[in-house]
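Reading through the structure tokens given below for one structure.
Atoms within a ligand are numbered from 1 in the order they appear, just like the ligands themselves.
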Amino acid sequence: MKELWGKALGIVRAQISQEGFSTWFAPIQCAGVVDGSLVLRIPNQFYAEWIGSHYQSVLMDALRSEGLAAGVDIAWSVDETIELDLIAPTPKVDAAPKPAERTSAPVVRNTSLNPKYDFETFVVGPANQLAHAASAAVGSAPGTRYNPLFIYGGVGLGKTHLMNAIGHRILIDRPKSQIFYLSAEQFTNEFIWALKNHTINDFRRRYRTDCDVLLMDDIQFLAGREQTQEEFFHTFNSLYHQDKQIVVTSDVYPHQIREMEERLISRFQSGLVADIQMPELDTRIAILHKKAEQETIRLRDDVALFLAQTVRSNVRELEGTLIRLAVKAELMNRQVDLELCKETMRVTMPAVDKATTVEDIQRAVCDYYGVRLSDLKGRRRHRNISFPRMVAMYLARQRVGSSFPDLGHRFGGKDHTTVINAVRKISRLVDEDESVRTAVDAIDRKLGL
Ligand code: ADP
Ligand code: MG
């Protein structure tokens with residue numbers, strides 16, 4: 001069956017774009033035939049939906065032509081332990097269309113996309129997988145299924161990067177698209193300026209008619225700005241009814257944006273809402289390597305591990321630390337090695353060389369909640385125990401980065417799906433529930449940086 005799958009994949013690969021193949025098919029794992037269905041393991045449910053609506057016939061034809069029996073269907077099975085590697089290279093595109101293709105008005109807006117932020121430079125891991133998959137989907141088929149796309153997450157976690165990547169991707173197939181990428185703050189300023197200068201009709205024509213894709217960054221800026229919200233609401237509706245893609249980012253979940261009109265919030269929620277979290281250890285390491293490669297910094301594995309373990313606030317900070325180290329090394333004519341790292345970081349982070357273990361975390365959590373270690377690793381499901389257990393799993397994943405199956409093992413032989421669910425649940429609660437955030441922060445602080 002695996003052989004059949006391999007051959008069918010070859011046929012699919014020949015028929016669809018390279019990017020489509022590496023995004024949607026490369027991560028799939030064939031688990032053989034179970035109960036009369038060919039079981040295909042995918043990283044998340046989104047894959048089943050996307051493949052079902054875009055590649056169903058290509059895939060089925062390929063499988064049948066390789067001899068999949070007529071009665072055997074596909075069964076998707078979500079396996080969140082599938083780690084998505086760096087996504088495959090995307091062909092580079094020129095932001096501006098070639099002169100020959102140019103319509104009457106030059107594409108001004110497209111230049112506002114940041115050339116550095118494309119899918120090629122974005123590292124995918126469990127924490128940003130959904131947002132990435134959704135962005136890739138929107139990038140290859142704007143204005144269809146996931147409209148609007150709402151991406152939310154804390155600062156420096158890659159929202160702006162993904163949004164720009166969507167813009168670049170759209171321009172590959174549709175080089176003439178008018179892509180408006182701007183922050184909600186810029187939108188506000190332009191709107192106010194248009195009101196003052198009596199050019200509101202131009203403003204509206206630009207945003208409601210000329211624009212093909214609206215990428216609006218940091219929508220939380222509109223909090224409390226009633227008139228701009230009103231304007232944005234109409235812009236939104238107008239684009240939406242023309243099936244033009246809208247992507248919005250925010251630092252919080254739609255409902256948590258302060259002083260935002262209910263009708264706008266419900267518009268945001270009518271499409272796909274995808275969150276983006278702080279990447280866990282192995283993704284942080286991959287990001288560092290990617291960044292080092294881009295900046296031609298020689299980065300040793302031990303240094304990458306050390307930095308990834310030490311800097312856990314956000315990706316921007318992580319990158320910033322790497323760059324600062326590289327600059328310092330150059331100025332002092334030294335290597336970027338562990339010694340330099342520790343010297344540099346000890347100034348701001350006192351306890352850097354004490355690596356935390358899963359056991360340290362379990363103990364700290366037990367202390368905090370007043371439960372016994374044996375209970376934490378045991379089977380009891382009472383909330384007094386199961387909640388601290390979930391918190392410990394979450395912290396262990398964040399800080400030590402062990403794999404889900406390994407963590408299951410260290411928590412007394414739990415299934416990896418139990419760990420995945422725990423990590424998911426606590427990451428959500430850390431966002432949504434003040435008391436959980438406080439507890440997690442307190443334990444985190446106790447463990448030191
Ligand atoms: P946000 O808009 O969420 O505040 P940004 O998109 O500006 O964050 O990301 C901050 C920095 O971190 C950028 O330089 C971006 O390229 C980088 N970054 C964030 N996530 C990733 C990732 N998964 N892979 C590569 N770089 C990333
Ligand atoms: Mg941003």
Side-chain angles (χ1 to χ4, degrees), residues 22-23 27 43-44 83-90 112-136 138-139 149-169 180-188 214-223 247-254 256-257 273-297 299 304 307-308 311-327 398 401 427 431:
S22 53
T23 304
N44 57 54
E83 301 270 352
L84 292 180
D85 229 323
L86 305 186
I87 77 154
T90 315
S112 65
L113 288 174
N114 185 331
K116 282 205 312 202
Y117 293 164
D118 57 20
F119 282 122
E120 199 184 338
T121 52
F122 192 83
V123 179
V124 187
N128 57 32
Q129 211 172 61
L130 177 66
H132 170 265
S135 301
V138 163
L149 169 62
F150 189 99
I151 304 175
Y152 77 97
V155 280
L157 296 184
K159 300 182 297 295
T160 297
H161 189 139
L162 275 180
M163 192 175 233
N164 277 269
I166 293 174
H168 291 305
R169 180 64 190 77
F180 284 27
Y181 164 73
L182 74 166
S183 66
E185 181 171 5
Q186 279 168 282
F187 181 84
T188 306
L214 182 61
L215 307 174
M216 178 75 79
D217 215 351
D218 295 319
I219 198 78
Q220 73 274 1
F221 184 83
L222 297 190
V247 183
V248 171
T249 70
S250 161
D251 60 357
V252 287
Y253 188 76
Q256 290 175 328
I257 309 177
V273 177
D275 70 326
I276 185 163
Q277 309 266 350
M278 178 59 176
E280 24 48 75
L281 188 70
D282 28 11
T283 312
R284 297 204 291 273
I285 294 174
I287 291 174
L288 283 169
H289 281 300
K290 188 104 212 169
K291 192 75 188 173
E293 185 191 303
Q294 269 172 274
E295 305 286 332
T296 57
I297 297 168
L299 178 63
L307 289 179
V311 184
R312 293 192 312 269
S313 46
N314 65 57
V315 180
R316 185 174 297 133
E317 189 65 34
L318 187 65
E319 285 185 353
T321 308
L322 174 67
I323 306 292
R324 277 198 300 281
L325 276 172
V327 170
Q398 285 291 325
S427 351
D431 267 1

Say whether, by atom type as modelled, one donor and one acceptor occur between the side chain of Lys159 and the main chain of Asp275 under 3.5 angstrom. no
Against ligand 1, does Gly154 come closer than 4.0 Å with any heavy atom? yes
the protein heavy atom lying closest to atom 17 (C) of ligand 1 turns out to be Glu319 OE2, 3.1 Å
Return the minimal non-hydrogen interatomic distance between Pro279 and Leu157, and the atom names on each side. CD-CD2, 4.4 Å
Starting from the C-alpha separation in whole Å, work towards a yes-or-no answer on salt bridge (charged side-chain N to carboxylate O under 4.0 Å, His left out) for Glu317 and Arg324. CA-CA 10 Å; Glu317 189 65 34; Arg324 277 198 300 281; 3.7 Å; yes
So for Lys290, does at least one of its heavy atoms come nearer than 4.0 angstrom to any atom of ligand 1? no
Return a yes/no value for Phe122: is any of its N or O atoms, backbone included, closer than 3.5 angstrom to an N or O of ligand 1? no
Classify the angle between the aromatic ring planes of Tyr117 and His161 as parallel (below 30°), tilted (30 to 60°) or perpendicular (above 60°). parallel
Determine, considering heavy atoms only, which of Val315, Ile287, Thr160 sits nearest to atom 19 (C) of ligand 1. Val315
Give the numbers and elements of all ligand 1 atoms closer than 4.0 Å to a heavy atom of Val123. 22 (C), 23 (N), 24 (N), 25 (C)
Given Ala131, Gly156, Gly158, which has its nearest heavy atom closest to atom 4 (O) of ligand 1? Gly156
How close does the nearest protein non-hydrogen atom get to atom 6 (O) of ligand 1, and which residue and atom is it? His161 N, 2.8 Å
